[in-house]
Amino acid sequence: MSRRRMIYEGKAKILYEGPEPGTLIQYFKDDATAFNAEKKAVLDGKGVLNNRISEFLMTRLSAVGIPNHFIKRLNMREQLIKKVEIIPLEVIVRNVAAGTMSKRLGIPEGETLPRAIVEFCYKKDELGDPLVSEEHIAAFGWASQQEMDDIVSLALRINDFMSGLFSAVGIRLIDFKLEFGRHFEGEMVRTILADEISPDSCRLWDYETNEKLDKDRFRRDLGGVTEAYAEVARRLGIIKESAQGGDVIDFTSGMK
Ligand code: TYD
C-alpha cells in the first residue's frame with residue numbers, strides 16, 4: 001500500500017487523497033455493518049463487487065446526464081472520484097414498502113407504494129441517522145432550498161433510470177439510499193451524486209421469487225451475501241454469465 005494520505009475512514013470505504021487537486025481515491029473494504037454498526041462482519045469479496053457495481057451504475061447515470069463524482073476505476077478495490085463537500089443527508093427513494101418505512105407506518109413489506117417517495121435522514125451516526133423534514137434541513141442550514149429541489153429531482157430521475165435498468169435483468173428496485181455533494185467548479189457550485197450505489201445501499205428483489213439480493217441478507221442473517229451481490233453483478237453483465245456464487249472466490253482472489 002502506498003504512503004498516500006488517508007482523508008477519512010468510514011464503515012465500508014476509505015477515502016485517500018487523489019493524484020490531482022480536486023480528486024480523491026475511494027477504496028471499498030470488505031467490512032459490513034448494520035444497525036448503526038452494532039452488527040459487524042468481514043465479507044470476502046464484497047468490496048470488489050461493490051466497486052464494480054457502483055462503477056457500472058455511476059457510468060450509466062453519467063451517460064443519461066446525471067452528474068456524479070465518479071471519474072474512473074483504478075483497480076479491483078479503488079476508484080478515482082471528484083472531491084465534493086458532502087451534504088449531511090441520506091436521501092432515500094422508495095418504490096415498495098420495506099425496512100423502517102414498514103415498521104414506522106405499518107405498511108406490509110412488499111406493498112407497492114402509490115408513487116415513489118423521497119425521504120431525508122440527517123447523516124449523524126451518533127443519532128442513528130434520524131428521519132427529518134425539509135423544514136429541519138432549511139432551518140438548520142444543512143442544505144439550501146435550491147439544493148433540496150435539485151436533490152429531489154435528481155433522486156427521482158435516478159430512480160426512474162435504475163428501476164428500468166434493474167427490471168430489465170429481473171430485479172425489482174425496492175428502495176435505495178443516495179448521498180449528494182457540492183462540487184466547486186470555479187465560481188460555480190453544483191449538486192452532484194456522490195458516495196456509492198451498490199447492494200449495500202439498495203434493496204433488490206428477484207422479480208419472480210422475491211429473493212433478496214442485497215444487504216438485508218446480512219442484516220437478517222440469511223447467508224449467501226456476497227453470492228447475492230455476485231448475482232446482481234452477473235445479471236448486469238459486469239461479471240461473466242457463468243459465474244455463480246462459488247466463483248466469487250476465484251473472481252476476487254489475488255485482488256485484495
Ligand atoms: P431503511 O428502510 O430506512 O433502513 P434500514 O436499512 O435500516 O431498514 O433503508 C432504506 C434503504 O436505504 C435501504 O435500501 C437501505 C438504505 N440505507 C442505507 O444504505 N444506509 C442508511 O444509513 C440508511 C438509513 C438506509
Side-chain angles (χ1 to χ4, degrees), residues 8-13 26 28-41 43 46-47 49-51 53-54 57-58 68-69 86-113 115-133 136-137 142-143 151-152 154-156 158-159 161-163 165-167 171-181 193-206 210-222 225 228-229 231-232:
Y8 172 81
E9 176 156 15
K11 285 172 276 192
K13 297 189 293 293
Q26 177 162 256
F28 288 77
K29 300 195 280 187
D30 281 341
D31 300 35
T33 63
F35 312 118
N36 209 13
E38 273 169 43
K39 180 173 176 159
K40 289 184 192 160
L43 303 171
K46 177 178 82 82
L49 289 161
N50 281 355
N51 186 22
I53 294 170
S54 199
L57 295 172
M58 292 286 185
N68 66 71
H69 74 163
I86 288 286
I87 296 172
L89 298 172
E90 311 239 339
V91 180
I92 295 171
V93 184
R94 300 179 185 272
N95 298 304
V96 175
T100 55
M101 167 167 270
S102 292
K103 281 201 205 87
R104 208 184 302 121
L105 303 180
I107 306 172
E109 202 160 64
E111 196 166 295
T112 302
L113 299 170
R115 47 171 250 196
I117 294 175
V118 180
E119 290 176 351
F120 293 107
C121 294
Y122 179 43
K123 199 168 141 64
K124 197 86 176 162
D125 280 341
E126 308 91 280
L127 301 175
D129 299 336
L131 184 69
V132 292
S133 70
H136 295 108
I137 299 168
W142 297 324
I151 287 173
V152 170
L154 287 168
L156 292 173
I158 294 166
N159 183 45
F161 182 74
M162 290 216 310
S163 293
L165 191 114
F166 280 115
S167 99
I171 293 174
R172 211 166 153 209
L173 179 60
I174 304 299
D175 58 29
F176 57 98
K177 186 261 308 185
L178 302 171
E179 291 184 31
F180 292 86
L193 176 65
D195 193 49
E196 73 180 295
I197 310 178
S198 72
D200 267 4
S201 58
C202 300
R203 283 197 172 91
L204 304 167
W205 294 2
D206 181 89
N210 283 336
E211 189 189 355
K212 297 180 199 310
L213 301 171
D214 56 61
K215 201 166 117 178
D216 270 349
R217 300 205 71 84
F218 171 67
R219 292 189 193 91
R220 302 179 189 192
D221 294 319
L222 299 173
V225 186
Y229 287 30
E231 173 67 11
V232 172

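Counting starts at 1 for both ligands and their atoms, in listed order.
What sits closest to atom 15 (C) of ligand 1 on the protein, heavy atoms only, is R219 NH2, 3.5 Å. Of the protein's non-hydrogen atoms, K177 CB, 3.5 Å is the one closest to atom 17 (N) of ligand 1. Scanning the protein for heavy atoms near atom 13 (C) of ligand 1, the closest one is D175 OD1, 3.2 Å. Among protein heavy atoms, atom 24 (C) of ligand 1 sits closest to I92 CD1, 3.8 Å. For atom 21 (C) of ligand 1, the closest non-hydrogen atom on the protein side is E90 OE1, 3.1 Å. Of the protein's non-hydrogen atoms, the one nearest atom 8 (O) of ligand 1 is R203 NH2, 2.8 Å. Regarding atom 1 (P) of ligand 1, its nearest protein heavy-atom neighbour is T100 OG1, 3.2 Å.
In summary, the atoms of ligand 1 found under 4.0 Å from a heavy atom of G99, numbered by their order in the structure, are 2 (O), 8 (O).
Using a 4.5 Å cut-off on side-chain heavy atoms (C-beta onward), E196 and F28 make contact. Residues D214 and W205 meet the side-chain proximity criterion, which asks for heavy atoms closer than 4.5 Å.
Panel note: side chain N36, backbone D125; a donor-acceptor pair is recorded below 3.5 Å.
Minimum heavy-atom separation, I197 to S54: N-OG, 3.0 Å.
Using a 4.0 Å cutoff on heavy atoms, K103 does not count as a contact of ligand 1.
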